[in-house]
Chemist: 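Submitted below is the structure of interest, expressed as structure tokens.
The chains referred to below are lettered A, B, ... by the order of the sequence lines, with proteins before strands, and numbering in each begins at 1. Every heavy atom of this structure was used, including side-chain atoms; hydrogens, water molecules and symmetry mates were not.
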Amino acid sequence: ETGVTQSPTHLIKTRGQQVTLRCSSQSGHNTVSWYQQALGQGPQFIFQYYREEENGRGNFPPRFSGLQFPNYSSELNVNALELDDSALYLCASSLPSGDEQFFGPGTRLTVL
Amino acid sequence: SQQGEEDPQALSIQEGENATMNCSYKTSINNLQWYRQNSGRGLVHLILIRSNEREKHSGRLRVTLDTSKKSSSLLITASRAADTASYFCATDARKANSKLTFGKGITLSVRP
């Protein structure tokens, strides 16, 4: 196990609702990245946070937003949920100078 | 968008055989990484190869990189049933941040 934890494990929401997913990074890692993995696809980069600031964003609409806290844990917020938001959401922590990213177990979000 | 494309999409082999998986990508990279994922859970980092390296070994894993052809291969020798999983290649272009761009993955089944 990597030491990266995510909560909750599973979540069911309905269209239009809002959701917050949480991630605790591995000790000493100050960079957190979020990925969305649809069924049968590879993970897609959502955004990255470094020292509480957004440090790069993928091709996701503004209703996907995030936060990073002083202890380097992070949240992913998604507003106005759509059916296509159903996916596994993965967070990964790393050192800013490091190449390897350490992934958490993911949160499975289902939007009905 | 997916940068890497893995080949084949699915591979079924007998325990003890070798498994070779290929990955092609489109843009220049800083490094290329291979990850394993069991049953839609978190990603496990397997091996990283930098753009100035041609071959790396780690246990039963051997990865090669040909930057002129923008391709990589992962060889798993003496496969085991426990190697059954999805395998992804991911590229790190390291422009502004260390976001990973993943392919769609290869499903490897190792028959006992």
Chemist: With a 3.5 Å distance limit and no angle check, can you tell me whether A/Q48 reaches the backbone of A/W34 through a side-chain donor-acceptor pair?
Modeler: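 Here the side-chain-to-backbone pair does not exist.
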Chemist: If only side-chain N and O atoms count, and only distance matters, is there a donor-acceptor pair under 3.5 Å linking B/N18 with B/T77?
Modeler: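 Result is no, nothing qualifies.
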Chemist: Testing the 3.5 Å rule here: is there a donor-acceptor pair between the side chains of B/N31 and B/Q33?
Modeler: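 Result is yes, a qualifying pair exists.
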Chemist: Centroid-to-centroid, B/Y35 to A/F103, below 6.0 Å?
Modeler: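 Under 6.0 Å, so yes.
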Chemist: Evaluate side-chain contact (heavy atoms from CB on, under 4.5 Å) for B/W34 paired with B/V63, printing each intermediate quantity in order.
Modeler: CA-CA 9 Å; B/W34 285 89; B/V63 65; 3.4 Å; yes
Chemist: Transitively linked via ILVMFWY side-chain contacts under 4.5 Å: A/Y89 with A/V32?
Modeler: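 Yes, same cluster.
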Chemist: Could you look at A/Q37 and say if it's the side chain, the backbone, both or neither that has a heavy atom under 4.5 Å from chain B?
Modeler: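 It is the side chain, since no backbone atom gets that close.
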Chemist: With only heavy atoms counted, which part of B/L48 is less than 4.5 Å from chain A, the side chain, the backbone, both or neither?
Modeler: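 The side chain, not the backbone.
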Chemist: What residues of residues 64-72 of chain B make heavy-atom contacts with chain A at a cutoff under 4.5 angstrom?
Modeler: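 Interface residues of residues 64-72 of chain B: none, nothing closer than 4.5 Å to chain A.
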Chemist: Heavy-atom distance under 4.5 Å between the side chains of A/V19 and A/L109, does that happen here?
Modeler: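 Yes, side chains in contact.
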